[in-house]
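Step one of this worksheet: look at the structure below.
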Amino acid sequence: MAKVHVTTSVNGEEREVLCEPHQSLLDVLRDELGMTGTKEGCATGDCGACSVLIDGRLVCSCLMLGVEAEGVDITTIEGIANGSELHVLQRKFLEHAALQCGICTPGFIVAAKALLDTNPDPDETTIRYWLAGNLCRCTGYDKIVRAVQDAAQELAYEA
Amino acid sequence: MGAYAYARPTSVEEAVSVLASAAEAGQRTQMLAGGTDVLVQMRSVDRDPRTLVDVKHIAETNRVEIGSDEVFVGAAVPSGVLNENEELKAIFPGLIESADLIGSTQIQGRASIGGNLCNSSPAGDTIPAIIAAGGVCVIAGPSGTREVACEDFLTGVGTNVLGDTEFLLGMRFPRPPARSGDAYLRFIPRTEMDIAVAGAGVALHLDADGNCVHARVAIGAVAPTALLVPAAGEALVGTQVDDAALAAAGAACSAAASPITDKRGTVEYRIKVVGVLCRRAGAIARDRALGN
Ligand code: FES
Ligand code: FES
């Protein structure tokens, strides 16, 4: 089967990769590029564990093909921290114990970052609706929402 | 059986020629917009290899054009993008609401109303809203474009009028005059992200005295395809869209419904609920037209 050559940018770095035409972006990230921070929960668009940003817009990487990534800017969980310095969302998730098994966490962090990038001061309802596409079977969501609220507050102080 | 392939045409002509040569070679093609239905189907109910034709790199399918008498929405514009367009939201609040009901933030970053229409599910939430708003499908094919009213586009569960060498460019809507409003409501057992048990879309215009001069009502998830219900629109025209008129429109919707019983609801339940949704959506559309 003819593989397709794709040039894309992942976390600001240009990457070239050969994809099967029907391979999901999630599989390309994990299996071809070795970036396993992005998780697979369902592969049907229901759980949000595979969330990434494409040109700044939040999407499920399991519902996008690798070949569709030609020429776009992808941000994955690996691009959220600044080197060894955690992003405030990552710190707040730790402080609030907003994770247990952690499979959902990369997706929540990427999704929450997309929210705070466009809306720095979301209320609780907005946060809950925005994150409704991210499922967590462990935490009961409350700690996640608190962590995002706290991160928003800290970002507001910094600004 | 062939292999999967991917094509990324950048013009309508190129897309049509990809479709035509595949048809000639007896190869299967599949149009790809946001992919939120297609990718799931490729991994479950329909694994046959085919050529995926990505329509997201064609100017026409990405266009949102708001003219003085007409609005055009390209088939591949993601609902997240539509939802951020304040002007469009002010013109067709009901249509945008229907798109906003489908899926999570992540899904709305890719899914399009054109894709919802082409997927042609009986329960597609945007379809009754598109029909109510008077949407006309603009279809590209080998001999140019043709137009089909949205209510005539669907032919059955998952099927539509598109031929092998055709694809949907977008939808044209007449721009509603002053004192117009539209609304879409669906019923689901939870508050978010579920498939409609029943849905109803209403679009109407009022005159200066608040009398309804034009109304279109469409229903979803209660028949093999979404349906325009002319009798429901007629029940509203010439009235102040008061409770009696809304009740008559709701009764017309219930009468037009021919639902099935499945895990989401029974025949009796869906027939009742679709009438209720029509009444409520009609009242919202009226209040929007009155500017309340
Ligand atoms: S793995 Fe993509 S949404 Fe679950
Ligand atoms: S921490 Fe386990 S699923 Fe969220």
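These numbers come from the heavy atoms of this one structure, side chains and all, not from hydrogens, waters or symmetry mates. Every chain is numbered from 1, with letters handed out A, B, ... down the list of sequences.
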* Structure fact -> Cut-off 4.5 Å, heavy atoms of chain A, and the answer for Q30(B) is neither
* Considering all heavy atoms of both residues, which atom of S104(B) and which atom of G133(A) are nearest to each other, and what is their separation? -> CB-CA, 3.3 Å
* Answer with side chain, backbone, both or neither: which region of V38(B) has an atom nearer than 4.5 Å to a non-hydrogen atom of chain A? => neither
* Asked: Given a strict heavy-atom distance threshold of 4.5 Å, which part of L115(A) is in contact with chain B: side chain, backbone, both, or neither?
  -> neither
* To do: State, yes or no, whether a side-chain contact exists between L32(B) and L65(A) at a heavy-atom distance under 4.5 Å.
  => yes
* Please look at A43(A) and chain B and tell me whether the side chain, the backbone, both or neither of the residue comes under 4.5 angstrom of a heavy atom of that chain. => both
* **Contact winner vs chain B - C50(A), C62(A), G107(A), heavy-atom pairs under 4.5 Å** => C62(A)
* Just how far is it from atom CD of E70(A) to atom OH of Y6(B), taken to the nearest 0.5 Å? -> 8.5 Å
* Could you tell me whether a side-chain N or O of T105(B) sits under 3.5 Å from a main-chain N or O of W130(A), the two making a donor and an acceptor? => yes
* To do: Verify salt bridge (Lys or Arg N to Asp or Glu O under 4.0 Å) between K56(B) and E68(A), making sure each step is shown before the conclusion.
  => CA-CA 9 Å; K56(B) 290 188 292 299; E68(A) 292 181 277; 2.4 Å; yes
* **Minimum-distance pair of heavy atoms, taken over all atoms of V40(B) and T44(A)** => CG2-O, 3.7 Å
* State, with a plain yes or no, whether a side-chain heavy atom of R57(A) is found less than 4.5 Å away from one of V81(B). => yes
* Structure fact -> Ranked by heavy-atom pairs below 4.5 Å to chain A, first place among Q106(B), R43(B), H57(B), M42(B) goes to Q106(B)
